[in-house]
Amino acid sequence: LMVAAVASITVNATGPNRQDILSYTTGKAIFVIVVLNAGIAAWTEHKAGDALEALSKMTQASIYVLRDGQEVKVDVPAVVRGDVVVLGTGDVVPADIRLIEADDVKVSEMALTGEPDDVAKTAKL
């Protein structure tokens with residue numbers, strides 16, 4: 001579109017009506033619209049990036065684990081082998097875990113298997 005704006009201005013500048021200021025309005029209008037559109041797109045992209053960053057901070061995954069007999073809230077990357085993970089309704093399972101005790105546990109494995117239905121889990125070995 002910038003090429004079209006330059007072409008329009010060039011054609012009008014070399015034409016018989018080059019002294020008429022109104023003959024340049026098409027080229028100027030295209031240029032203004034392109035610059036305005038680019039500005040709006042840049043602003044929108046900036047705001048979307050800020051929103052995405054805020055969402056990622058808000059959804060920083062943490063989980064409750066039993067350490068030394070006490071329930072402690074830790075970030076998911078800090079979960080280590082030997083931690084007993086305490087899961088509640090809506091919690092995200094932070095790693096491969098073995099259920100020690102479970103009462104009506106269902107897990108969405110859609111990201112893993114593509115199965116849309118929740119899968120029931122038990123503590124049986």
Colleague: Kindly compute the distance separating CD1 (I97) from NZ (K121), expressed to the nearest 0.5 Å.
Modeller: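 That separation rounds to 10.0 Å.
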Colleague: Stepwise, does the side chain to side chain contact (heavy atoms under 4.5 Å, CB included) test hold for V65 with V84?
Modeller: CA-CA 5 Å; V65 297; V84 177; over 6 Å; no
Colleague: Would you compute the distance between atom CG of D103 and atom OG1 of T122 and round it to the nearest 0.5 angstrom?
Modeller: 12.0 Å
Colleague: Main chain of I9, side chain of N12: is a donor-acceptor contact present, judged purely on distance under 3.5 Å?
Modeller: no
Colleague: Hey, what do you get for CG (L36) to CD1 (I40), rounding to the nearest 0.5 Å?
Modeller: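 One finds 4.0 Å between CG of L36 and CD1 of I40.
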Colleague: Step through the shown structure and confirm whether more than 12 heavy atoms of other residues, nucleotides or ligands are within 6.0 Å of CG on L1.
Modeller: no
Colleague: Where is the tightest heavy-atom contact between M2 and V34, given as atom of each residue plus distance?
Modeller: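 That closest heavy-atom pairing would be SD-CG1, 3.4 Å.
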Colleague: State which residue, out of K73, R67, R98, fulfils the salt bridge (Lys or Arg N to Asp or Glu O under 4.0 Å) condition with D83.
Modeller: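 Of K73, R67, R98, salt bridge (Lys or Arg N to Asp or Glu O under 4.0 Å) with D83 is met by R67 alone.
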Colleague: Is a side-chain N or O of T14 found less than 3.5 angstrom from the main chain of V11, in a donor-acceptor match?
Modeller: yes
Colleague: Between atom CD of E71 and atom OH of Y64, what is the distance when rounded to the nearest 0.5 Å?
Modeller: 7.0 Å
Colleague: At their closest point, which heavy atom of G27 faces which heavy atom of A5, and how far apart are they?
Modeller: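 Looking at all heavy atoms of both residues, the shortest contact is O-CB, 3.5 Å.
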Colleague: Any idea which heavy atoms bring A123 and I100 closest together, and the distance?
Modeller: CB-O, 3.5 Å
Colleague: Without swapping roles, check the side chain of T10 against the backbone of V6 for a donor-acceptor pair under 3.5 Å.
Modeller: yes
Colleague: Would you say CD of Q70 has more than 12 non-hydrogen atoms from neighbouring residues, nucleotides or ligands within 6.0 angstrom?
Modeller: no
Colleague: Between L87 and V72, is there shared hydrophobic-cluster membership here, with clusters defined by ILVMFWY side-chain heavy atoms closer than 4.5 Å?
Modeller: yes
Colleague: Specify the closest pair of heavy atoms between M110 and P116, including all atoms of both residues, with the distance to one decimal.
Modeller: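 Scanning both residues, the minimum pair turns out to be CE-CA, 3.4 Å.
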Colleague: Measuring from atom CG of D50 to atom CD of E53, what distance do you get when rounded to the nearest 0.5 angstrom?
Modeller: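 Answer rounded to 0.5 Å: 6.5 Å.
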Colleague: Can you give me the closest heavy-atom contact between V79 and V85, atom names plus distance?
Modeller: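 Scanning both residues completely, I find the closest heavy atoms to be CG1-CG2, 4.4 Å.
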